[in-house]
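Numbering starts at 1 and runs along the sequence shown. Here the structure is a predicted model, which is why all the values come from computation and not from measurement. Just so it is clear, the values below take in all heavy atoms, side chains as well, and ignore hydrogens, waters and symmetry mates.
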Amino acid sequence: MTAPPSQRSKAKPRWVPSRPAVPKTGPLAGRIVRPARLRSGQTGGEEQLVVVVPPEPSPKWDQRTRTSARRARFLLILAVALLGQWLRWLWFSVDWSFGGTGLLPKLQSLGRLRAIRLPRPRFARLPSRGAIAALVIWTVAGAALFSLYLHMSRTVPVDSDGASNALQAWSMLHGNLLLRGWQLSDVSFYTTELPEYMLIEAVRGLSADVVHLAAALTYTLLTLAAAMVAKGKATGGTGALRACLAAGIMLAPQQESLQVLLLSPDHVGSAVPVLLVWLLLDRAPRRWYVPCIGCLLLADALLADNIVLLTGIGPLAAVGIIRGYRVAADGGGRRAAAYEFSLAAAAGAAVGLARLAAAVITAHGGYTVWPVGHSLASTGRLSLNLSLAARGLLLLFGANFFGQNLGVAAALAILHLIGIGLVCWALCAALRRLASLDIAVQLLAVGILVSLAGYAFGRVAVNLDSTREFAAVLPLGAALAGRMLAGRLARARLVPAVALLLGCYLYAAGLVLAQPPAAPQNQQLTQWLAGHGLRYGLAGYWQANSVTVDSSHGAAGPQVQLRSLLRADGRLRPDTWETRPSWYNPRQHQANFVVLAPSSFGRWRAPSMNSALDTFGQPARIYDLGSYIVLVWDKNLLASLP
C-alpha cells in the first residue's frame with residue numbers, strides 16, 4: 001500500500017542504486033567524484049550515487065602516440081645507420097694488422113695501436129668580407145639602375161602591346177594560369193615577362209605604370225647579367241673593369257630607342273635567361289648536371305620566345321659540337337669530349353621540351369600563338385635588310401645621330417659610336433682565335449653572329465622598330481667587349497679614358513631623365529569615355545587594350561573596356577591578335593559604341609566610318625573629339641559581329 005504524500009515527504013532518504021552516466025567532456029571529464037548525500041527535495045527526496053570514470057583515450061591522443069612511436073623508430077634506425085657507417089669507417093681506416101700470429105702477441109700489440117682520429121664536424125662557413133662587399137655593391141648598383149631606367153621608361157607612353165601583356169598577367173593573377181581562351185601574338189612571353197607583370201600587379205594592381213616597372217626591372221636584370229658574364233672568374237681591378245665596361249656600353253639608351261629597350265617586352269627580356277645559362281657554363285664545374293640545368297633554362301626561355309633559337313640554342317649547339325670535335329681530334333677521345341657533346345645534346349633537348357610544354361598547354365585549353373614564318377629573304381630584299389640592320393645597331397647602342405640637330409644630343413650620340421667600335425673590336429679579336437678561347441666568349445661571339453644573320457637573311461625586317469628582333473646583340477656585345485678588352489685597355493693605360501666615356505654616358509642618361517613623364521597614349525579618350533558613362537565598346541587595336549589599362553587604377557580593374565576590331569572586305573570583325581573570343585560574346589557583354597581614330601598607326605586595318613555603318617547601321621549619336629570620333633548606338637553591337 002502506498003503511503004500518502006505527506007508521509008512520503010518525511011520518509012528517511014535511502015540509497016538508490018543506479019547506473020551513472022559517464023561524461024566524456026566538460027569540467028568533470030577525467031575526475032572521480034566521491035559519493036555525496038543530497039538534500040531532500042533536490043532529487044525527489046532520494047539520494048543518488050554519482051560515479052565518474054576517466055574517459056577513454058581520444059583519437060587525437062592515439063594519433064599523437066602513433067606519431068611519437070614512428071618518430072622514435074625513425075630516430076633509432078637513423079642512429080643504427082650512423083653507427084654502422086662509423087663502424088665501417090673504423091674497420092677500413094684503422095690498421096688492425098697486429099704483429100704475430102697468436103692471441104698473446106695480438107694482445108701485446110694492442111698498446112701499439114695507432115690513435116684513432118674521428119673526423120671533425122664540418123660547419124658551414126660564414127661568407128667572407130669580400131663576398132659580403134660584392135653582394136652589397138651588386139645590390140646598390142641594381143637599385144640605382146632600376147631607379148634610372150624606371151624614370152627613363154616613364155618618358156615614353158604605354159601602347160597596346162605592353163597593355164596586352166598587362167591584361168594577360170592580370171588574367172593569370174586571377175586564376176587563369178594557362179591563359180585559357182587567349183589568342184596571343186607570335187610571342188607569348190609566358191615564362192619571362194608575364195611572371196614579372198604578375199608579381200608587380202599583385203602589389204600595385206592593374207595600371208599603365210605596371211609596364212614601366214616591368215620594363216625597368218627587365219633592363220636592370222639584363223645589364224647586371226651582362227656585367228656578370230663579362231666579369232667571369234676575374235677578381236680585383238680586372239673583374240671590376242670588365243663589369244663596368246659591359247654595363248657602361250648598355251648604360252644610356254637614346255630617347256628614340258626607349259620604345260624598343262624600355263617599354264613592352266619586344267624580345268629584350270628573352271636575353272636574360274640566355275645570359276644566365278652562359279654564366280652557369282662559365283663558372284660551374286664540368287659535371288653531368290650542368291647541361292641538364294642549362295637545358296631546362298633554355299627550354300623555359302624558348303617556350304616564351306622563339307628568338308631564343310637564334311640567341312641561345314643555336315650558338316650552344318654549334319659551340320658544343322665544335323668543342324667536342326676539337327677535343328676528340330686532339331687525342332682526348334670520345335670520353336673526354338662527352339661534356340662538350342652533352343651541351344649540344346642539351347640544346348636539342350631544350351627544343352623538344354619547349355615543344356612538349358607548348359603542346360601540353362594547348363591540350364589543356366591554354367593560350368594559342370600565331371605561327372612564326374622561317375622563310376629566307378629574297379635577293380632583292382637583302383639590301384633593305386642590311387640597311388635596317390646597320391641603322392638598328394646605331395639605335396640599340398644609342399648612336400643614331402642621323403636626323404638630329406647639331407648640339408649636345410648629337411655629340412653624345414656620336415660618342416656612343418665608341419661603344420659600337422669596342423664591340424666590333426672585341427668580336428674581331430674573338431673570331432681570330434675563337435678555338436682557343438673559353439666557352440663563354442665562344443657563345444657570346446657566335447650568338448652575335450647568328451642573331452645578326454637571322455635578321456639580315458630573314459623576313460622580319462620591316463622598319464626601324466623591327467630592330468627588337470636582334471636586340472640581344474646589345475647585351476651579348478657588351479659582355480664580349482668587357483671580357484675581351486678590359487685587360488688590353490688596362491695595359492694600354494686607357495682606363496681614365498674609359499672613365500671619362502662612362503661619365504659622358506651618364507650625362508646622356510641625365511638628359512633623358514630631364515624629360516617629363518609622358519601622359520598615357522589615349523588619356524583624352526579615356527577620360528571622356530569614363531565621364532560620359534561609356535563602359536564597354538569597340539575600337540582599333542592601338543586604342544583598345546591601351547584605353548582598357550589606362551582606365552585601371554589598382555585592384556578595381558578597368559573602368560572602361562575597349563575590344564579591338566579588324567576591317568576586312570568593307571566590314572568589321574573581331575580581332576584575333578592579343579584578344580579573347582569571350583570578349584565578343586553578346587550573352588556576356590554589351591557594347592554600344594565604336595571609337596574611330598583616322599590618324600592611328602595601321603589605319604588600313606582599323607575601323608572606319610563606312611565599315612562601321614555597313615556593319616552596325618546608322619548610329620544614334622556621333623561625337624567628334626578631334627583625334628577621335630565616337631559612334632554610339634542604342635543596341636548591343638556584339639550581336640551584329642560575324
Side-chain angles (χ1 to χ4, degrees), residues 191-192 222 225-226 228-234 246 270-358 426-427 430-454 470 472-473 475-477 479-480 482-484:
T191 55
T192 51
L222 191 64
M228 289 181 181
V229 174
K231 178 181 178 297
K233 298 180 181 179
S270 302
V272 174
V274 173
L275 288 175
L276 292 180
V277 175
W278 295 175
L279 186 64
L280 172 70
L281 298 178
D282 181 43
R283 298 192 180 184
R286 295 167 59 91
R287 298 290 186 269
W288 63 269
Y289 56 82
V290 174
C292 297
I293 298 175
C295 174
L296 294 178
L297 290 175
L298 289 178
D300 181 81
L302 182 61
L303 178 63
D305 192 353
N306 283 326
I307 203 69
V308 179
L309 283 171
L310 299 179
T311 59
I313 291 179
L316 181 60
V319 170
I321 293 174
I322 294 174
R323 288 176 63 90
Y325 177 78
R326 180 178 175 84
V327 171
D330 290 344
R334 291 179 297 177
R335 187 178 184 84
Y339 181 79
E340 278 72 18
F341 284 126
S342 66
L343 296 178
V351 178
L353 287 178
R355 298 292 183 263
L356 178 62
L427 182 60
L431 293 177
R432 187 178 60 181
R433 51 190 185 93
L434 186 64
S436 60
L437 296 176
D438 54 79
I439 188 171
V441 175
Q442 293 173 341
L443 291 170
L444 292 171
V446 175
I448 293 173
L449 294 179
V450 173
S451 297
L452 290 175
F470 65 99
V473 172
L476 297 179
L480 182 63
R483 193 153 185 137
M484 293 292 298

Spacing of [X] atom [atom1] and [Y] atom [atom2] [to the nearest 0.5 Å]:
X      : Y      : atom1 : atom2 : result
Ile293 : Leu276 : CD1   : CG    : 12.0 Å
Leu343 : Ile439 : CG    : CD1   : 5.0 Å
Leu431 : Gln442 : CG    : CD    : 10.5 Å
Ser342 : Arg287 : OG    : CZ    : 13.0 Å
Tyr289 : Leu296 : OH    : CG    : 14.5 Å
Leu281 : Arg286 : CG    : CZ    : 10.5 Å

State, yes or no, whether a side-chain contact exists between [X] and [Y] at a heavy-atom distance under 4.5 Å.
X      : Y      : value
Arg433 : Leu437 : yes
Leu310 : Phe470 : no
Leu434 : Ile322 : no

Heavy atoms only: give me the nearest [X]-[Y] pair and the separation to one decimal.
X      : Y      : result
Ala445 : Ala430 : CB-CB, 4.3 Å
Ser451 : Val473 : CB-CG2, 3.9 Å
Pro475 : Ala271 : CG-CB, 4.2 Å
Ala354 : Leu303 : O-CD1, 3.9 Å
Ser270 : Ile307 : CB-CG2, 4.0 Å
Val274 : Thr311 : CG1-O, 3.6 Å

Quick one: does [X]'s side chain have a donor or acceptor within less than 3.5 Å of a partner on [Y]'s backbone?
X      : Y      : value
Asp305 : Val308 : no
Arg483 : Val229 : yes
Glu340 : Tyr325 : no

Leu302 and Leu353: CA distance, side-chain angles, deciding distance, side chain to side chain contact (heavy atoms under 4.5 Å, CB included) verdict: CA-CA 9 Å; Leu302 182 61; Leu353 287 178; over 6 Å; no
Pair Leu309-Val351, side chain to side chain contact (heavy atoms under 4.5 Å, CB included): steps then yes or no: CA-CA 8 Å; Leu309 283 171; Val351 178; 4.0 Å; yes
side-chain contact (heavy atoms from CB on, under 4.5 Å), paired with Val446, selected from Leu443, Leu444, Val450, Ile448: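 Filter result, single survivor: Val450.
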Derivation of the side chain to side chain contact (heavy atoms under 4.5 Å, CB included) call for Val272 and Thr192: CA-CA 9 Å; Val272 174; Thr192 51; over 6 Å; no
